[in-house]
Amino acid sequence: MAAKLAGIRPGQRIFSSDMTFDATINPMVYEGACPVFIDTEYDTWNMDPAALEKAFALYPDVKVVVLAHLYGTPGKIDEIKEICGRHSAVIIEDAAESFGATYKGVQTGSFGRYNCISFNGNKIITGSAGGMLLTDDLEAADKVRKWSTQSRENAPWYQHEELGYNYRMSNVIAGIVRGQISYLDEHIAQKKAIYERYREGFRNLPVSMNPYDVSNSEPNFWLSCLLIDSDFMCRQVRGECEALYNPEHGKSCPTEILNVIGSINAEGRPIWKPMHMQPIYRRNDFVTREGSGRAKTNTYVPGGAVGKDGMPSDVGMDIFHRGLCLPSDIKMTPEQQEKIIEIVKACFD
Ligand SMILES: *Cc1c(COP(=O)(O)O)cnc(C)c1O
């Protein structure tokens, strides 16, 4: 509905976060959008404003930017809003993972013209499914109310002037969500405690936690992730659907760590694989802070493409290569988490 409100037409180019879940992009593509993916920055693991600036230089006519806040961490909102404002582009904010997170004291999901929250089963608050569109534009909200309930006109009979959708939330789900809302703060506090326990536990390892802007933002800490320092990565290669690594003393890699986490029947995940590396989007453009037009290859060579500042020029793939999502469920006990910390530590022995 946000994509429709933003007026996306078939074949129209839009800009989108690159390191996100496919649910950010799918609805745009349903409307026929042709996404250009914008690389990620290291400070919050979200859309890099410098890459977005480059993208507008390449494609000045783009009018829609889809911005996700990965793992519940707000991105560089002020910088991105400023750039979009200068180019008269509408922001669609995907706050599906970041419900309750704040940037300069304001909740994510209120910075775009159209904003989306998810109540899918894995989110910080859930109704088992469903979601929410947020906008300050009353006319837009009324349009969505109509479109999402089969576009019925105000007439004594079923009268239709526009295409309709069955996107309405069921009353059962709405009831569950309303019951859950009061637990949002408590869930965030528990998620934050999990993040802090990991950070403390990994203090002496050559790893860092998923970062955030400590002075301006308060994530909801939906997922705790870690990133292995480049010098402490053992060799790891990933094909389309499988991974291999060479164990090495004092070093590790996401594949090894995820294997040991899986071996005690806990669940970790690789970092969301960047959209520009997804086979479905192989032919779409991808813009980094270095620019665009990189050869579209399907293999990632660690440290292969290095930018002017000595950093990898494909930040998303570097984080995908070295990072992983840790078990972060609030039902996990501190003892269970301690166990995870111990086995991760052992990977670096
Ligand atoms: C979960 C999620 C969504 C929305 O998922 P739905 O199942 O459609 O509610 C959108 N974007 C991101 C980044 C997500 O993680």
Side-chain angles (χ1 to χ4, degrees), residues 1-6 8 14-31 33 35 37-40 44-47 64-75 77 80 91-101 103 107-112 114-134 144 147-148 165-170 172-174 176-177 180-181 184 187-188 191 210 212 219-225 267-278 280-281 316 319-320 323-326 328-329:
M1 296 289 92
K4 234 174 116 77
L5 285 172
I8 291 175
I14 64 162
F15 295 151
S16 170
S17 292
D18 180 54
M19 214 165 67
T20 183
F21 182 55
D22 199 27
T24 306
I25 320 295
N26 283 337
M28 308 300 144
V29 178
Y30 299 160
E31 291 302 305
F37 298 107
I38 311 297
D39 199 15
T40 307
T44 75
W45 294 7
N46 285 301
M47 185 186 286
V64 178
V65 175
V66 186
L67 173 68
H69 304 289
L70 196 73
Y71 303 140
T73 302
I77 294 171
I80 285 165
I91 295 177
I92 297 176
E93 212 187 333
D94 177 354
E97 299 181 359
S98 64
F99 187 35
Y103 178 79
Q107 282 205 24
T108 58
S110 42
F111 295 100
Y114 313 116
N115 313 279
C116 311
I117 304 279
S118 171
F119 298 120
N120 189 47
N122 62 345
K123 304 300 195 257
I124 194 145
I125 290 294
T126 173
S128 78
M132 173 163 81
L133 182 126
L134 301 170
V144 167
W147 292 340
S148 63
Y165 302 80
N166 182 10
Y167 284 176
R168 176 187 47 201
M169 179 181 279
S170 83
V172 175
I173 288 177
I176 295 171
V177 169
Q180 285 260 306
I181 289 280
L184 178 59
H187 286 192
I188 293 174
K191 290 278 192 185
N210 45 330
Y212 64 99
N220 69 5
F221 300 95
W222 179 58
L223 274 193
S224 286
C225 305
E267 189 188 14
R269 286 271 172 96
I271 296 294
W272 294 184
K273 182 174 174 177
M275 286 299 130
H276 77 278
M277 292 298 278
Q278 300 288 354
I280 183 174
Y281 296 122
I319 295 173
F320 176 65
L324 66 123
C325 306
L326 294 157
S328 306
D329 196 285

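In listed order, ligands and their atoms are each counted from 1. What you are looking at is a predicted structure, and each value in this text was computed from that prediction instead of being measured. Basis for what follows: all heavy atoms, side chains included, without hydrogens, waters or symmetry-related copies.
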Is it true that Asn120 and Ser118 share a donor-acceptor pair across their side chains at a distance under 3.5 Å? no
Contact residues of ligand 1 (heavy atom under 4.0 Å), by chain and number: Thr20, Phe21, Ala23, Thr24, Asp94, Ala96, Glu97, Ser118, Asn120, Lys123, Gly130
What residue among Tyr71, Tyr103, Trp222, Phe221 forms ring-ring contact (aromatic ring centres under 6.0 Å, His included) with Tyr212? Phe221
Does some side-chain heavy atom of Tyr281 sit less than 4.5 Å from a side-chain heavy atom of Val29? yes
Taking the side chain as every heavy atom from C-beta outward, state whether Val65 and Met47 have any atom pair closer than 4.5 Å. yes
Where do Ala33 and Ile8 come nearest, in terms of heavy atoms and distance? CB-CG2, 3.6 Å
Residue list, side chain to side chain donor-acceptor pair (under 3.5 Å) with Glu267, at least two apart or on another chain: Arg269
